[in-house]
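My questions will all concern the structure given below.
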There are 2 protein chains.
Amino acid sequence: MDERRDAQEAAIDAADRLFYARGIQAVTMDELRSETGISLKKLYSLFDSKEAILLAVLDRRHDLWTSGIARAADAVSTPADKLLSIYDFLHDWFTDGNYRGCGFINAFGELGATVPAVALAAREQKESFQRYVADLAEQAGAPASLAPQLAILAEGAQTTAAISGSADAARSAREAAEILIDAALRR
Amino acid sequence: MDERRDAQEAAIDAADRLFYARGIQAVTMDELRSETGISLKKLYSLFDSKEAILLAVLDRRHDLWTSGIARAADAVSTPADKLLSIYDFLHDWFTDGNYRGCGFINAFGELGATVPAVALAAREQKESFQRYVADLAEQAGAPASLAPQLAILAEGAQTTAAISGSADAARSAREAAEILIDAALRR
DNA sequence: TAACCTAGAGAACATGCGTTCTCTGCGCAG
DNA sequence: CTGCGCAGAGAACGCATGTTCTCTAGGTTA
């Protein structure tokens, strides 16, 4: 009987879409009900609270991000190319039409100060990404200073693309990353 | 009789502090009243709505940002050093204890999708910064590709510092900027 | 077939919030 | 000194929202 899981997944899916598109507090539980076709009673039997739904959404977003950059990395072979593939992944994301920034940064700005679990989820997501970049940079033989620089480029591209509405930031970040990687390996 | 202006400034000041520290929707008008000592009636005679207060807050934040980076730039002489001074300014900001990310990005994430004026204010702020960087990069004799890269580093440093709670991102961004500027001028 | 039980729908509740309304008290003119 | 007008404080309003409660319908067992 994992129709409970199915219902949870459907709710998380709809919540993710609504929260991301409009902001978390702008989405009411009633809207989530009409969007999913799941009654409020059922929603509250699947999750403890709206906050619990949000945390599940962030969890899933973390998984999607992780598998997305891993898939992009699988398409190339060297560690340096895997690092650069991050910005190609970002470019694809930016151009998908519904892009509105990093969901973790948005959630952090809106609720990070009042809901500690949200701040924690954002921190964990960013730390995990930093580790991913650091691992690849080490494999490429670069000094430890490179990884934070590349991660900052990825973060900056995300917010720049969100506010400008253009995907150009991904290209600029990739160019910058190429130069930084070159410089780090050249020495 | 510019005690009206004074009262407005005081309200904007308190609203900025509260909105920035906790998020906009987390701050009630009643809290703004008790924090400023200005009655609700008076607040609503000074501003049309809570949204109007927020827009005034963003306006002031834009002015403070602009004058802040200008002051940092005044301390050095070459265009390249002025570009690098941006990251020193960021480092000072990150270490001031109450740093919680870029106010425009936070406002954009929370309300950008539902309040068009907020999205507009964020876009204008970022465009203005991009122009500032582009002007300095041109004065330095760098190709047009440099400015977006440096702006992305600044944006990324802001979000990284916000979520990690550390000011290290400013140092990493400055190191990266030095390399990118060098590479852009060398060729 | 009948009694019981479970699960679900959505009405209801309590609270909180942006905004408005009313009443008080002070200053000033006559 | 008295009556008038105005600014301001904060109580009140109406609405929206997260959460809970009740009532119904369908299925299962004896």
Side-chain angles (χ1 to χ4, degrees), chain A residues 1-58 106-107 110-118 121, chain B residues 1-58 106-107 110-118 121:
Chain A
M1 188 204 291
D2 55 357
E3 56 181 86
R4 179 184 165 87
R5 266 293 141 77
D6 289 349
Q8 281 178 332
E9 283 302 316
I12 291 170
D13 199 68
D16 189 17
R17 213 160 3 94
L18 293 170
F19 287 169
Y20 181 70
R22 306 225 313 275
I24 296 144
Q25 292 170 96
V27 177
T28 70
M29 288 300 292
D30 204 60
E31 205 167 356
L32 207 52
R33 176 193 63 76
S34 63
E35 192 76 10
T36 57
I38 302 173
S39 76
L40 286 174
K41 180 83 187 291
K42 185 98 199 262
L43 279 174
Y44 275 92
S45 81
L46 296 172
F47 302 92
D48 282 348
S49 62
K50 189 183 181 185
E51 179 181 331
I53 298 176
L54 171 60
L55 294 177
V57 162
L58 293 180
N106 290 352
E110 183 172 351
L111 296 171
T114 49
V115 184
V118 169
Chain B
M1 188 203 291
D2 55 356
E3 56 182 85
R4 180 183 166 89
R5 266 294 142 76
D6 289 349
Q8 282 178 331
E9 282 303 315
I12 291 170
D13 199 70
D16 188 18
R17 213 158 5 91
L18 293 170
F19 288 168
Y20 181 70
R22 308 224 312 276
I24 296 144
Q25 292 170 96
V27 177
T28 70
M29 289 299 294
D30 204 60
E31 204 167 357
L32 207 52
R33 177 193 61 78
S34 64
E35 191 77 11
T36 58
I38 303 174
S39 75
L40 287 174
K41 180 81 187 293
K42 185 97 199 263
L43 280 173
Y44 275 92
S45 81
L46 295 172
F47 303 94
D48 281 348
S49 62
K50 189 183 181 185
E51 180 182 329
I53 297 176
L54 171 61
L55 294 177
V57 162
L58 292 180
N106 290 351
E110 182 173 350
L111 296 172
T114 49
V115 184
V118 168

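The chains referred to below are lettered A, B, ... by the order of the sequence lines, with proteins before strands, and numbering in each begins at 1.
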Just how far is it from atom CG of B:Leu58 to atom CD1 of B:Ile53, taken to the nearest 0.5 Å? 12.0 Å
Assign a letter to each nucleotide of nucleotides 12-18 of chain D from its 5' end: B, base within under 4.0 Å of a protein heavy atom; S, sugar-phosphate only; -, no contact. -----SS
Between atom OG1 of A:Thr36 and atom CG of A:Leu43, what is the distance when rounded to the nearest 0.5 Å? 5.0 Å
Output yes when at least one side-chain N/O atom of B:Ser39 is less than 4.0 Å from OP1 or OP2 of D:dG8, else no. no
Go through the steps for B:Phe47 and B:Ile12 under the test side chain to side chain contact (heavy atoms under 4.5 Å, CB included), then give the verdict. CA-CA 10 Å; B:Phe47 303 94; B:Ile12 291 170; 3.8 Å; yes
Could you walk me through whether A:Leu111 and A:Glu51 pass the side chain to side chain contact (heavy atoms under 4.5 Å, CB included) check? CA-CA 10 Å; A:Leu111 296 171; A:Glu51 179 181 331; over 6 Å; no
Does A:Asp6 have more than 12 heavy atoms from other residues, nucleotides or ligands lying within 6.0 Å of its CG? yes
Hey, does B:Lys41 reach any base, or is it just sugar-phosphate, or nothing, if we go heavy atoms under 4.0 Å? base
With a 3.5 Å distance limit and no angle check, can you tell me whether A:Gln8 reaches the backbone of A:Leu46 through a side-chain donor-acceptor pair? yes
Give a yes or no answer on whether the side chain of B:Glu110 reaches the backbone of B:Ile24 with a donor-acceptor pair at less than 3.5 Å. yes
Rounded distance (nearest 0.5 Å) linking atom CG of A:Leu18 with atom CD of A:Glu35: 5.0 Å
The first and last nucleotides of DNA chain C lying within contact of chain B, meaning any atom under 4.0 Å from one of its heavy atoms, run from C:dC17 to C:dT22
